[in-house]
Amino acid sequence: MRLVLNEPVDGMKGPYSRRWWALLVLCLSLLVIVMANTALTVAAPAMTEDLGLSSADLQWVIDGYTVPYAALMLLLGAIGDKYSRRGALILGLVVFAGGAVSGYLADSSATVIAARAVMGVGAALIMPATLSLLAATFPRAERAKAITLWTATAGLAIAAGPLVAGALLENHGWSSTFLINVPVAAVAIVGALVLVPPSRAGHHDRIDHVGGLLSVVWIGALVYMIIEGPHFGWGPKAIGAAVVATLALLAFVLWELRHPHPVIDVRRFTDRRFAGSNLAVALFFLAVFGAFYYLTQHLQFVLGYDALDTGLRMLPLAGAVFVGSALTAYLTPRVGMKWTVTAGMVGGTAALALLTQIDSTSSYGDFVAPLVVLGVAIGLALSPCTDAIMGAFPESELGVGGAVNDTSLELGGSLGIAILGSLLGTSYSDHLGEAASGSGLPAGTLATAQDSVGAGYAVAQGVADRARQLGEQAAQSTDPRQAAQLKEQAAQLAENARHMADSVGSSFADAVAHTSLVGAVVLGVGTLLVAVLLPGKGKPAEAETGDAGDAGDADKGEREFSEVR
C-alpha cells in the first residue's frame, strides 16, 4: 500500500473504506482554524499587557484574521474545485502554520496583526476544502451524518479554544497559543496525504476570475465596514468601505448574472431552502459569536476566573453541541429540516433571553443553563443548514458550496462581534458613567475606565494600589497628625476603589443583560423569517419559488437532509 493516497473516490469500486478516518483529518483541520479565534479571547489580556496594545490594536489583532478569511473563501473554494481540493487543504495548513510561527515570534502589534492575517489566508483555503472533501468522500446516504460530526467539531472548537489557551497560559506566555497550532497542522497535513483521497471537479470550466475578484472586494469591504464603523466610528474609512462594498456587490451580481460560467450562480438565492439556510447560519452565528464575546469577558473580569478556569466553564457548551447534533440526526429525517432548524433558532433565542437575567449578584451557576441551551441549539440548527447548502451544488462546485456556507457563518460572526460588541461597550460605558458618579475620579480617569471592563478594573486596582501606598506611608510616618491624614486619605481611596470595582462589575452585568435582550430580539425576528423561507418536508424548493435557474439543476435528493438514508 502506498503511503500517499493518490486514488480519487470516483475511481474506487465502492465507498472509500477509510472515509471515517478521513473525516477525522478534516475535523482536525476545522478544529485548529476555529480554535485560533476562540483561544484568542482568553489570551488577549496577557497579550495586551505584554505588548501594550490599545483597544484599536486589540480589535485588529482579532479581526486581522477575519477580513482575509471571509473575503478569500469564495475565490479559493473555486480554485480548489478546479485544481485540487486536497491540495488547497494542505497548502492552507502550511500557510496557517507559517502564520502561527510568525505570531509566536511577534513582538509588536503590527507583527501580531500581520501574522493573524496570514493565518486568515490559510483558513480561507482550509475551511471550504474541509466541506468539499467531506462531500466528495462520502456517499450521499452518509453525508448528512458526516456533516453532523463536522458541525459538532465546530461547536467543540468554540469551547475548546479557551480551555487549551487557558491551560497553556498557566505556565507559558500568550505566544504559546500561536505555537500550539503548528503540531496540529503538521498532523493534519500528514493525515491528509495518507487518509484523504484527492479530489477535484470532473469537469470544470475556466475560473471566473473577475467574479472571484469582485467577491473578494465586496466581502472584504463589507467585513472592514462591519469592524470599523461600530468600533471606531462612522468616519471616512467606514463610509468609504460601505460605498465600495455596495458598488462591488452590485457589480458582482450583474457580472455573475451575465457570465456563462460564474464563480457562483446568484440565482441560487431565489431558492427558498438555499436562501433560508444561509440566512439561518448567518443569524445564528451573529448571536453565538456575539454572546461568546461577552460571556468570556464576564467570566474572566467580573467573576474573576483565570484563563484555564474560564475554558473549563465553557465545556457545558461543547457537550451540549454533541447532544444537539445527535438530536438532529434523529429528528430531521422524521420532521424535516424546517422544524429542526426553527427549533434550534428558538433555542438560541431562549438562551439569549436567559442571559437577560444576569445582574451584579449572578454567579457561574446562572450561566450554565444558557450555555447548555445554546449548545443544543447549535447542534440542532447548523447541520441541516450546512447539508442543504452543500446539497444545492453539483459535484463540480463543492468547494464553492463550502465557501458559501462558511462565508455566511463568518459574516454572521463578524456582525455579531461588531454589533453586539459595540452595543455592549456603549451600554457598559453609559451604566458606568451613572454608577461611578460619586467615586470622585477625575473625568479623564473615568473615561479610561469606560473604555472596557478590563480598563475599568485596572483603574479600580490603580486606586486600590494608591490607597495601599498611603497606608504604608502612614505606618512609617513619625508625625501623628500626618499619619492620621494619610490614613484618612488611604481609607477614602480604598472605599473609592471598592465602589469603582463594584460599579464596573454591575455595569458590565447590566450591559450583558441589555445586549442579550437585543440579540434575542434580532434572533427571534430572524427565526420567523427563516421559518417562512424554509419549505416543509417533502416540498421541493423549485415548486415553492418557480424556476430557480441553475440551482434547480442539482439533484433534488441532495436538498433533503438524510431523506435518502
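Keep in mind that what you see is a predicted model, and the values were worked out from it rather than measured.
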Under 3.5 Å, side-chain donor or acceptor atoms of residues 181-197 against the rest of the protein: list the pairs with distances, not counting sequence neighbours.
| from | atom 1 | to | atom 2 | distance (Å) |
| --- | --- | --- | --- | --- |
| N181 | ND2 | T177 | O | 3.4 |
| N181 | ND2 | F178 | O | 3.1 |

Min side-chain heavy-atom separation [X]-[Y] under 4.5 Å:
X	Y	value
I207	Y83	yes
S396	D81	no
Y69	M127	yes
T66	I226	no
L371	L295	yes
N278	F269	yes
F138	L23	yes
F284	L409	no

Which atom names give the shortest non-hydrogen contact between [X] and [Y], and what distance separates them?
X	Y	answer
A280	V341	CB-CG1, 4.0 Å
L534	M337	CD2-CE, 4.0 Å
A291	L352	CB-CD2, 4.0 Å
R268	E397	NH2-OE1, 3.1 Å
M314	F292	CE-CE1, 3.2 Å
V288	L374	CG2-CD1, 4.0 Å

Once you round to the nearest 0.5 Å, how far does [atom1] of [X] lie from [atom2] of [Y]?
X	Y	atom1	atom2	result
L382	T328	CG	OG1	9.0 Å
I33	M119	CD1	CE	10.0 Å
I219	T407	CD1	OG1	5.0 Å
H261	E256	NE2	CD	12.5 Å
W255	L213	CH2	CG	10.5 Å
L247	L214	CG	CG	11.0 Å

- request: Could you tell me whether K145 sits above the aromatic face of W20, with NZ or CZ closer than 6.0 angstrom to the six-membered ring centre and within 45 degrees of the axis?
  value: yes
- prompt: Looking at the rings of W21 and Y16, which for Trp means the six-membered one, are their centres under 6.0 Å apart?
  reply: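 Ring centres of Y16 and W21 not closer than 6.0 Å.
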- prompt: Centroid-to-centroid, F274 to F393, below 6.0 Å?
  reply: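 F274 vs F393: aromatic centres under 6.0 Å.
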- request: Decide yes or no on ring-ring contact (aromatic ring centres under 6.0 Å, His included) for Y104 and W174, but give the supporting numbers first.
  value: CA-CA 8 Å; Y104 174 74; W174 59 265; 8.6 Å; no
Short question: side chain of [X], backbone of [Y] - any donor-acceptor pair under 3.5 Å?
X	Y	answer
S132	A129	yes
R272	L533	yes
S199	L133	no
D208	P262	no

query: Is the shortest distance from a Lys or Arg side-chain nitrogen in E395 or R143 to a carboxylate oxygen in the other one below 4.0 Å?
result: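 Counted as a salt bridge, because a side-chain N and a carboxylate O are separated by less than 4.0 Å.
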- prompt: Taking NZ, NE, NH1 and NH2 as the nitrogens, is one of them in R140 or D387 under 4.0 Å from a carboxylate oxygen of the other?
  reply: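 Salt bridge between R140 and D387, a charged N being under 4.0 Å from a carboxylate O: yes.
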message: I'd like to know whether L424 forms a side-chain contact (heavy atoms from CB on, under 4.5 Å) with Y293, so could you lay out the CA-CA distance, the side-chain angles of the two residues, the decisive distance to 0.1 Å, and finally the verdict.
response: CA-CA 10 Å; L424 178 82; Y293 176 76; 4.3 Å; yes
- request: For side-chain contact (heavy atoms from CB on, under 4.5 Å), just list the numbers for L40 and M47, CA-CA rounded to whole Å, side-chain angles, deciding distance to a tenth of an Å, and then say yes or no.
  value: CA-CA 9 Å; L40 192 64; M47 185 189 301; 3.5 Å; yes
query: Looking just at side-chain N and O atoms, do T130 and W150 make a donor-acceptor pair shorter than 3.5 Å?
result: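 Indeed, the side chains of T130 and W150 share at least one donor-acceptor pair under 3.5 Å.
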task: Taking atom types as modelled, find out whether S108 and T111 have a side-chain donor-acceptor pair closer than 3.5 angstrom.
output: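 A donor-acceptor contact under 3.5 Å links the two side chains.
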- request: With side-chain contact (heavy atoms from CB on, under 4.5 Å) as the test, would you mind laying out the steps for L28 and L24 before giving the verdict?
  value: CA-CA 6 Å; L28 186 65; L24 180 62; 5.7 Å; no
field: Test side-chain contact (heavy atoms from CB on, under 4.5 Å) applied to M345 and L528, T340, T527, L529, the passing residue
entry: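 Only one of L528, T340, T527, L529 forms a side-chain contact (heavy atoms from CB on, under 4.5 Å) with M345, namely T527.
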query: Looking at residues at least two apart in the chain, or sitting in another chain, which of them share a side chain to side chain contact (heavy atoms under 4.5 Å, CB included) with A242?
result: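 Only M225 meet the side chain to side chain contact (heavy atoms under 4.5 Å, CB included) criterion with A242.
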field: K82 vs R200, side-chain contact (heavy atoms from CB on, under 4.5 Å): CA-CA, chis, key distance, verdict
entry: CA-CA 6 Å; K82 182 174 177 62; R200 65 176 181 174; over 6 Å; no
- prompt: Can you list the steps and then say if R267 with D265 is a salt bridge (charged side-chain N to carboxylate O under 4.0 Å, His left out)?
  reply: CA-CA 5 Å; R267 296 178 185 87; D265 186 351; 3.3 Å; yes
